[in-house]
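Each remark here refers to the structure printed beneath this line.
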Amino acid sequence: ANASSTTNRTPLFSWRGIVDQDNKTGDLDLATYTLQIDKQSNTDTVNPLAPDFSELDINTSHIQNETTISTQLNVDTVYYWRVKVNDSRNNQSNWSSIYQVTINSDITITLQNDNINFTTLTSGDENDTLDNSPRPFNLTNDGNSFVNISINATDDLWTTQANPSQ
């Protein structure tokens with residue numbers, strides 16, 4: 001739909017297809033489409049410039065009436081798109097109306113495990129997670145944006161035991 005938004009960086013673009021019937025022979029003609037996608041010309045949300053499609057982000061031809069693009073679009077960006085039909089006799093339509101889609105960022109981090117158990121260590125023992133025993137923290141980025149994560153600990157991260165005196 002026009003003026004839609006999504007977090008999918010490779011969205012499905014679709015439009016109503018046509019049946020192209022040759023005027024002379026009455027035969028059905030194979031119709032394909034050209035899709036052009038262009039970023040918003042400026043970031044002025046009050047008076048944005050109309051896209052001129054002079055610096056295309058996507059320009060793909062010979063597609064059917066829907067396509068999923070393989071190039072990831074930028075997040076937090078407004079894109080404009082249009083299509084035109086081509087037939088097997090090199091006839092082309094005018095460009096369609098211009099449609100708009102916004103790609104929104106999605107920050108979703110899942111902590112797969114939130115506990116690392118080093119078991120009981122005696123004085124002078126060492127252990128780390130380099131050998132996967134115990135398993136290290138494991139985070140999964142389920143969103144569509146790169147994220148820089150810092151892990152900080154509080155004083156109660158480590159349990160201490162007083163050394164018995166003799």
Side-chain angles (χ1 to χ4, degrees), residues 1-116 129-132 134-153:
N2 190 29
S4 62
S5 63
T6 181
T7 57
N8 184 348
R9 295 181 65 187
T10 57
L12 172 70
F13 290 86
S14 64
W15 50 91
R16 189 173 332 149
I18 66 157
V19 175
D20 185 21
Q21 191 167 18
D22 187 272
N23 290 335
K24 295 180 183 174
T25 65
D27 295 332
L28 293 181
D29 195 5
L30 178 63
T32 62
Y33 300 85
T34 299
L35 168 68
Q36 291 185 335
I37 303 172
D38 195 11
K39 276 196 258 330
Q40 182 173 343
S41 299
N42 68 2
T43 57
D44 184 346
T45 57
V46 177
N47 297 305
L49 298 174
D52 61 7
F53 292 91
S54 63
E55 296 181 27
L56 297 172
D57 291 272
I58 305 288
N59 186 30
T60 185
S61 299
H62 307 293
I63 56 176
Q64 298 305 311
N65 62 316
E66 68 177 25
T67 189
T68 299
I69 59 171
S70 58
T71 302
Q72 288 194 350
L73 299 176
N74 295 332
V75 295
D76 299 326
T77 304
V78 176
Y79 287 92
Y80 296 90
W81 62 279
R82 64 185 182 178
V83 294
K84 70 177 174 180
V85 65
N86 313 287
D87 69 14
S88 62
R89 292 171 183 79
N90 293 323
N91 297 312
Q92 296 182 351
S93 70
N94 293 326
W95 288 105
S96 68
S97 298
I98 296 172
Y99 299 95
Q100 174 185 329
V101 61
T102 302
I103 309 299
N104 293 319
S105 57
D106 176 23
I107 308 290
T108 304
I109 303 297
T110 305
L111 186 59
Q112 301 296 325
N113 65 316
D114 61 356
N115 186 350
I116 299 177
T129 60
L130 294 176
D131 60 358
N132 286 326
R135 306 269 310 147
F137 282 116
N138 186 0
L139 300 171
T140 302
N141 183 349
D142 297 316
N144 65 5
S145 302
F146 289 109
V147 180
N148 184 8
I149 297 176
S150 298
I151 297 177
N152 297 307

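With sequence neighbours left out, Asn141 forms a side-chain hydrogen bond (donor to acceptor under 3.5 Å, both in side chains) with no residue at all. Partners of Ser14 by side-chain hydrogen bond (donor to acceptor under 3.5 Å, both in side chains), not counting sequence neighbours: none found. Scanning for side-chain hydrogen bond (donor to acceptor under 3.5 Å, both in side chains) contacts around Gln72 gives Arg9, with sequence neighbours left out. For Leu130, the side chain to side chain contact (heavy atoms under 4.5 Å, CB included) test picks out Asp128, with sequence neighbours left out. Evaluation of the side chain to side chain contact (heavy atoms under 4.5 Å, CB included) rule for Asn90 yields no partner, not counting sequence neighbours. A search for side chain to side chain contact (heavy atoms under 4.5 Å, CB included) contacts involving Thr6 returns Asn8, Pro11, Val101, Ile103, not counting sequence neighbours. For Trp15, the ring-ring contact (aromatic ring centres under 6.0 Å, His included) partners are Tyr33, not counting sequence neighbours. Residues meeting the side chain to side chain contact (heavy atoms under 4.5 Å, CB included) test with Pro134, sequence neighbours left out: Ile116, Phe118, Asn127, Thr129. When the side-chain hydrogen bond (donor to acceptor under 3.5 Å, both in side chains) test is applied to Thr140, the partners found at least two apart in sequence or on another chain are Gln112.
Nearest heavy atoms, Ser145 versus Ile107: CB-CD1, 3.7 Å. The minimum heavy-atom distance linking Gly17 with Asn65 is given by the pair N-ND2, 3.6 Å. The nearest pair of heavy atoms linking Ser96 to Tyr99 is OG-CE1, 4.0 Å. The minimum heavy-atom distance linking Thr10 with Ser70 is given by the pair CG2-O, 4.0 Å. Minimum interatomic distance between Asp142 and Asp106 (heavy atoms only, all atoms of both residues): O-OD2, 4.1 Å.
Atom CD1 of Ile149 and atom CD1 of Ile109 lie 4.0 Å apart (nearest 0.5 Å). If you take OH on Tyr80 and CD1 on Ile37, they are separated by 14.0 Å, rounding to the nearest 0.5 Å. Annotation: the span from Leu73 atom CG to Trp81 atom CH2 amounts to 12.5 Å, rounded to 0.5 Å.
Residue pairs meeting the salt bridge (Lys or Arg N to Asp or Glu O under 4.0 Å) criterion with at least one partner in residues 69-84, sequence neighbours excluded, are absent.
Listed for the Ser4 side chain is no donor-acceptor partner under 3.5 Å among the backbone atoms of Asn2. At distances below 3.5 Å, not a single donor-acceptor pair connects side-chain atoms of Ser105 with backbone N or O atoms of Val75. Using modelled atom types, no side-chain atom of Asn86 and backbone atom of Gln92 make a donor-acceptor pair closer than 3.5 Å.
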Residues 53-62 side chain polar contacts: donor-acceptor under 3.5 Å, at least two apart:
from: Ser54; atom 1: OG; to: Asp52; atom 2: OD1; distance (Å): 2.8
from: Ser54; atom 1: OG; to: Asp52; atom 2: OD2; distance (Å): 3.2
from: Asp57; atom 1: OD1; to: Lys39; atom 2: NZ; distance (Å): 2.5
from: Asp57; atom 1: OD2; to: Lys39; atom 2: N; distance (Å): 3.0
from: Asn59; atom 1: OD1; to: Gln36; atom 2: NE2; distance (Å): 3.4
from: Ser61; atom 1: OG; to: Thr34; atom 2: OG1; distance (Å): 3.3

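Of the N and O atoms on the side chains of Thr7 and Asn144, not one donor lies less than 3.5 Å from an acceptor on the other residue.
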